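See below for the structure under consideration.
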Amino acid sequence: MIEAAVFGDNRYPYFVLRQLLDVDSSHCVVAIEPGADDDSAVIGYALTMRGNRHAWLASIAVSPDRRGRGHGRNLLQRTVDSCLEASDADEVLLAVDPGNLPAYNLFTSFGFVLLEHHDQYFGGSSRRSAGTGADEPRDVLSYSLHRPATQF
């Protein structure tokens with residue numbers, strides 16, 4: 001529900017999210033807001049895929065009615081901490097719409113830097129651009145995972 005509320009028609013299909021979680025759910029960080037009588041609610045998530053040298057933040061979202069309260073920054077911090085603890089990745093990568101200023105500002109204020117820009121990141125074949133000629137620009141941002149030097 002959060003994915004649909006945040007990304008609308010550009011969201012990942014449910015089956016993609018389900019398969020990514022089935023592959024390894026340990027790469028998913030969830031923000032939960034406690035409720036009355038143990039009625040807690042998921043209000044955000046960050047889904048990361050980790051490889052040998054890179055971790056890729058595939059999706060991060062906070063429920064629209066819970067934004068502006070630090071949940072996104074907290075999810076980023078927990079994602080980075082998780083990558084430091086459980087992988088050999090040197091950096092965390094993500095792709096963001098350069099027109100999504102709230103997300104872009106969150107990422108850059110956290111320390112992500114521009115790695116490269118793509119005018120048609122999805123190759124012009126996404127639902128939004130199909131048949132319309134609309135571009136799907138994305139900036140790929142990188143966050144360096146600083147690791148202490150190994151001493152022998």
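Computed from a predicted structure; not experimentally measured. Residue numbers count from 1 along this sequence.
Taking the six-membered ring where the residue is Trp, Tyr121 and His118 present perpendicular rings, their angle passing 60° and hence far from 30°.
His54 NE2 to Cys83 SG: the interatomic distance, rounded to the nearest 0.5 Å, is 12.5 Å. Rounding to the nearest 0.5 Å places CZ of Arg53 at 10.5 Å from CG of Leu145. Separation of atoms CG (Leu75) and CZ (Arg78) is listed at 6.0 Å; rounding is to 0.5 Å.
Across every non-hydrogen atom of Ala103 and Val96, the tightest pair is CB-CG2, 4.1 Å. For the pair Arg66 and His71, the tightest heavy-atom approach, listed with the atom from each and the gap, is O-CD2, 3.2 Å. Nearest approach of Asp97 to Tyr104, heavy atoms of both residues: O-CD1, 4.1 Å. Nearest approach of Ile60 to Gly72, heavy atoms of both residues: CD1-O, 4.0 Å. Considering all non-hydrogen atoms of both residues, Thr79 and Ala46 come closest at OG1-CB, 3.3 Å.
The environment of CZ in Arg18 is sparse: at most 12 heavy-atom neighbours from other residues, nucleotides or ligands sit within 6.0 Å.
Residues Leu93 and Val113 fall into different hydrophobic clusters, defined by Ile, Leu, Val, Met, Phe, Trp and Tyr side chains chained together at heavy-atom separations under 4.5 Å. The cluster map of Ile, Leu, Val, Met, Phe, Trp and Tyr, joined by side-chain heavy atoms under 4.5 Å apart, puts Ile32 and Met1 in different clusters. Residues Phe112 and Leu114 share a hydrophobic cluster, clusters being chains of Ile/Leu/Val/Met/Phe/Trp/Tyr side chains in contact below 4.5 Å.
None of Leu76, Leu141, Val80 except one satisfies the side-chain contact (heavy atoms from CB on, under 4.5 Å) rule with Leu57; the exception is Leu76.
Between the side chain of Arg138 and the backbone N or O of Leu94, no donor-acceptor pair lies under 3.5 Å. Counting only distance, with no hydrogens or angles, the side chain of Asn105 and the backbone of Leu101 share a donor-acceptor pair below 3.5 Å.
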Test side-chain contact (heavy atoms from CB on, under 4.5 Å) on Ser109 and Arg73; report intermediate values, then the result. CA-CA 9 Å; Ser109 71; Arg73 182 170 297 280; 2.5 Å; yes

I would like to know whether Arg50 and Ser82 meet side-chain contact (heavy atoms from CB on, under 4.5 Å); could you show each step before the answer? CA-CA 10 Å; Arg50 298 182 204 152; Ser82 176; 2.4 Å; yes

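Counting heavy atoms from C-beta on, the side chains of Arg67 and Pro102 never come closer than 4.5 Å.
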